[in-house]
Amino acid sequence: MPELPEVETIRRDLEKDAVSKKIKSVSVTGKRSTRRHPAPQDFINRLEGRKIAGVTRKGKYLLIRLDNKDVLVTHLGMSGQLQRVKSPKDPEEPHTHVVITFTQGGQLRFVDPRTFGEMFVTSEDGLVADVPELAHLGFDPLDAAISWTEFARMLMQRRAMLKPLLMDQEFVAGIGNMYADEILFAAGLRHDRISNSLTAQEIRRLYRGMVETLTEAIKHRGSSLADEQYRDIFGDSGDFQSLHRVYDREGQPCRRCRAVVVREKVAGRSTYFCPQCQV
DNA sequence: CGATCTACCTGATGGC
DNA sequence: TGCCATCAGGTAGATC
């Protein structure tokens, strides 16, 4: 569920709240969440005693940097949440798989019902300024913005439908099913337009739509849909969903032209768009 | 190369 | 009330 704006919201909160905290103890109850490690104890050993030095992000991955150049990488998958609690006595929610307790008090908990998310500790590759596990990711549209002419070049090199391309993490990192639809509406482009058929003006609209939609969503602390699955580290919802122009608005009037918003299945995923505004 | 399907999981919801 | 199908913000791998 969480896409770039939700992960960035979490990153900013952790940056303020968790940096310089020292990890006193770690418990892993859901082995699947640390599946990249041969055993949970590996994961625990690399964390205990470390201090949090900083928090960065690439696409939907959160990188919690430690004081020894190791990095705790977290991906929330479809249903993952990070919860910052004041006391170990706070009741644990079901599906709490990893609990990090700080020396200064309080905990950071990883909760993930569907277990598509994960946490792992790895080392930064000094040469690439990245961790090897994330080397496949494309550029981050906010953290490592590229010029629109470079974006144009990338689009022209491909012959793919726009929506799957925007969701391809190797092409651009951080956009998922929800923001892809919102970005395409902002750009006035249909999901099935072919990347190398866009005019220069359309490319510019797509680029702007991408940057502006993601930036606006971060200002509103991300989107929390009806199931309230996305919450920030303090348990609060985002409110960008109230500004969605197409996603989850099937049958409702387009906010721009009043035409009815349509939902279609594209590659197995729900796709919402305005048949009038998007061409 | 690009598109489509499957698998990985749990939980909520709606129809009957 | 139960049961079944469908759906859900993600990713990776297989197949055509």
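Chain identifiers are assigned alphabetically (A, B, ...) following the order of the sequence lines, protein sequences preceding nucleic acid strands; residue numbering begins at 1 within each chain.
Classification of R158(A) and D168(A) as a salt-bridged pair holds, one side-chain N sitting under 4.0 Å from a carboxylate O. Using a 4.0 Å cut-off between charged nitrogen and carboxylate oxygen, R57(A) and D140(A) count as a salt-bridge pair. Using a cut-off of 4.0 Å between Lys/Arg side-chain N and Asp/Glu carboxylate O, E8(A) and R11(A) are scored as salt-bridged. Of the charged side-chain nitrogens involved, at least one lies within less than 4.0 Å of a carboxylate oxygen, so that R221(A) and D13(A) count as a salt-bridged pair.
One can place CG of N177(A) at 8 Å from P of dA8(C), the figure rounded to the nearest angstrom. What separates NZ of K163(A) from C1' of dG10(C) is a distance of 13 Å, to the nearest Å. Counting to the nearest Å, the P atom of dT4(B) and the CE atom of M167(A) are 13 Å from each other. Spacing between atom CD of E93(A) and atom P of dT10(B) amounts to 17 Å, rounded to whole angstrom units. Between the P atom of dT6(C) and the CZ atom of R263(A) lies a distance of 13 Å, rounded to the nearest Å. Here dT10(B) presents its P atom at 14 Å from CD of Q229(A), a figure rounded to the nearest Å. The distance from atom CG of L162(A) to atom C1' of dG2(B) is 14 Å, rounded to the nearest whole Å. If you measure from atom CG of L166(A) to atom P of dG2(B), you get 14 Å, rounded to the nearest angstrom.
Across all strands shown, nothing is found opposite dC9(B) as a Watson-Crick or G-U wobble partner with both distances under 3.5 Å. Summarising the base pairing, dC4(C) is matched to dG14(B) through a Watson-Crick or G-U wobble pair whose two defining distances lie under 3.5 Å.
Counting non-hydrogen atoms under 4.0 angstrom, Q169(A) reaches the backbone sugars and phosphates but no base. Within the 4.0 angstrom heavy-atom criterion, no nucleotide atom of any strand lies near S79(A). R35(A) comes within 4.0 angstrom of nothing in the nucleic acid, heavy atoms only. At the heavy-atom level, L76(A) lies nowhere under 4.0 Å from the strands shown. Base engagement by D227(A) is indicated by at least one non-hydrogen atom pair under 4.0 Å involving a base atom.
Taking every heavy atom of both residues into account, M119(A) and H37(A) meet most closely at O-CD2, 4.4 Å.
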Could you pull out the protein-nucleic contacts involving nucleotides 13-16 of chain C (nitrogen or oxygen on both sides, under 3.5 Å)?
none

Provide a list of protein-nucleic acid N or O atom pairs under 3.5 angstrom, restricted to nucleotides 7-9 of chain B.
unit_1	atom_1	unit_2	atom_2	d
dC9(B)	O2	R114(A)	NE	2.8
dC9(B)	N3	R114(A)	NH2	3.4

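Nucleotides dC5(B) and dT6(C) are separated by 15 Å at their P atoms, to the nearest Å.
For dG9(C), the glycosidic angle deviates from 0 by 90° or less, giving a syn base.
A close approach under 4.0 Å does not occur between any side-chain nitrogen or oxygen of H136(A) and OP1 or OP2 of dT11(C). Residue Y179(A) places no side-chain N or O under 4.0 Å from the OP1 or OP2 atom of dG9(C). Under 4.0 angstrom from either OP1 or OP2 of dG10(C) there lies at least one side-chain N or O belonging to K60(A). For the OP1/OP2 pair of dA8(C) and a distance below 4.0 Å, the side-chain nitrogens and oxygens of K265(A) include at least one atom meeting the criterion. Side-chain nitrogen and oxygen atoms of H75(A) include none within less than 4.0 Å of the OP1 or OP2 phosphate oxygen of dG10(C). A sub-4.0 Å separation between OP1 or OP2 of dG9(C) and a side-chain N or O of R269(A) is present.
Ranked by how close their nearest DNA chain B nucleotide is to the 5' end, Q157(A) and P94(A) are led by Q157(A).
Looking at heavy atoms from C-beta onward, F43(A) lies in side-chain contact with V28(A) at the 4.5 angstrom threshold. Residues E92(A) and V99(A) form a side-chain contact, since some pair of their non-hydrogen atoms from C-beta on lies under 4.5 Å apart. Annotation: side chain of R84(A) is in contact with side chain of F102(A) (closest heavy-atom distance under 4.5 Å).
Tested against S223(A) for a side-chain hydrogen bond (donor to acceptor under 3.5 Å, both in side chains), the candidates Y230(A), Y247(A), Y179(A) yield a single pass: Y179(A).
Picking from dA8(C), dA12(C), dG9(C) the nucleotide with the shortest atom distance to the side chain of Y61(A) gives dA12(C). Nearest to the side chain of R158(A), among dG2(B), dA8(C), dA3(B), sits dG2(B).
Cation-pi geometry between R245(A) and F185(A) is not satisfied (NZ or CZ under 6.0 Å from the ring centre, within 45° of the ring normal).
Ring pair F171(A)/F151(A) is tilted by interplanar angle, where 30° to 60° counts as tilted.
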